[in-house]
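Note that the structure is predicted; figures quoted are calculated from it, not measured. Each chain gets a letter, A, B and so on, in the order the sequences are listed, and its residues count up from 1.
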Amino acid sequence: MQHWLVKSEPEKYAWADLVRDGRTMWDGVRNYQARNNMQQMQPGDLVLYYHSVSEKAVVGIAKVEKAAYPDPTTDDPKWVVVDLVPYRAFKEPVTLQQIKEDKRLQDIALLRQSRLSVMPLKAEEFDVLLALGN
DNA sequence: GCCAACGTTGGC
DNA sequence: GCCAACGTTGGC
């Protein structure tokens, strides 16, 4: 199983919206690298949910329910979506500041490539973030 | 609100 | 194929 992190501006689609909806189609990704990462996602993979811009913290864990399929919101065949469901919330959000200060997380794509919106996480990184959030 | 980083577009 | 211009993201 692989681990991932996705970013969302909470003003646009927050963790609470995902919990309320019970399931969402992760659409709107228009970046090749992010798209390529989504194509690697398998059902059951866990996905950390990061609130960008206003909050800057990892707030919960989602799960891939359906692997990549063509994005129905565009006629352009090169874009895909995945379906995500909420898995569980973090007890405490893990802030970008905490991530920056943790030696074990210095290689995380979130820090190295700030604009990437869908990124893989090493199992160790996932475990560290999980421990910080609980 | 500003700006750095970075991806995309289009002229040559 | 290069590169300037431009648009977007996201941290501060």
Side-chain angles (χ1 to χ4, degrees):
Chain A
M1 184 175 73
Q2 298 190 84
H3 301 92
W4 309 95
L5 183 147
V6 297
K7 295 201 282 203
S8 182
E9 293 187 34
E11 289 74 19
K12 293 185 177 158
Y13 193 81
W15 168 256
D17 297 320
L18 177 60
V19 170
R20 180 200 60 212
D21 294 344
R23 170 189 180 129
T24 197
M25 188 175 74
W26 204 253
D27 63 357
V29 172
R30 295 290 182 270
N31 168 283
Y32 288 106
Q33 203 177 344
R35 191 270 321 257
N36 293 345
N37 289 331
M38 286 208 298
Q39 287 174 328
Q40 302 299 312
M41 288 183 179
Q42 293 300 320
D45 284 358
L46 295 179
V47 182
L48 294 183
Y49 201 100
Y50 177 80
H51 278 168
S52 64
V53 183
S54 56
E55 193 175 351
K56 285 169 286 183
V58 179
V59 294
I61 312 168
K63 188 163 70 172
V64 177
E65 186 174 69
K66 189 174 175 190
Y69 58 100
D71 187 340
T73 67
T74 175
D75 290 333
D76 193 333
K78 61 175 177 278
W79 304 118
V80 301
V81 298
V82 295
D83 287 354
L84 299 180
V85 296
Y87 181 64
R88 68 189 170 85
F90 272 16
K91 289 197 185 106
E92 295 289 340
V94 177
T95 65
L96 182 62
Q97 192 59 40
Q98 283 176 274
I99 292 169
K100 284 184 169 175
E101 287 167 357
D102 197 305
K103 286 196 190 69
R104 299 165 295 179
L105 298 174
Q106 292 311 295
D107 284 335
I108 197 174
L110 189 70
L111 298 184
R112 302 178 68 89
Q113 232 183 317
S114 67
R115 291 182 60 196
L116 186 61
S117 63
V118 180
M119 64 195 78
L121 287 177
K122 293 179 193 136
E124 309 88 78
E125 294 166 344
F126 180 88
D127 290 343
V128 168
L129 286 163
L130 213 62
L132 290 172
N134 286 273

- Query: Of A:Asn37, A:Val47, A:Val82, which is the lone residue that meets side chain to side chain contact (heavy atoms under 4.5 Å, CB included) with A:Val118?
  - Reply: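 Checked A:Asn37, A:Val47, A:Val82 against A:Val118; only one passes side chain to side chain contact (heavy atoms under 4.5 Å, CB included): A:Asn37.
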
- Query: Is the shortest distance from a Lys or Arg side-chain nitrogen in A:Arg35 or A:Asp71 to a carboxylate oxygen in the other one below 4.0 Å?
  - Reply: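 No, this pair does not count.
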
- If you measure only the distance, is there a donor-acceptor pair under 3.5 Å linking the side chains of A:Asp45 and A:Trp4?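 Checked: A:Asp45/A:Trp4 side chains pair up, N/O donor to acceptor below 3.5 Å.
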
- Query: Distance-only, no hydrogens or angles: does the A:Asn31 side chain make a donor-acceptor pair with backbone N or O of A:Ala34 under 3.5 Å?
  - Reply: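 Checked: pair present.
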
- Item | A:Asp102 (side chain) donor-acceptor with A:Gln98 (main chain) under 3.5 angstrom |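 Not at all, since once roles are kept as given, no pair shorter than 3.5 Å links the two residues.
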
- What does nucleotides 4-12 of chain C look like as a protein-contact string, B for base, S for sugar-phosphate only, - for none, at under 4.0 angstrom between heavy atoms? ---BBBSSB

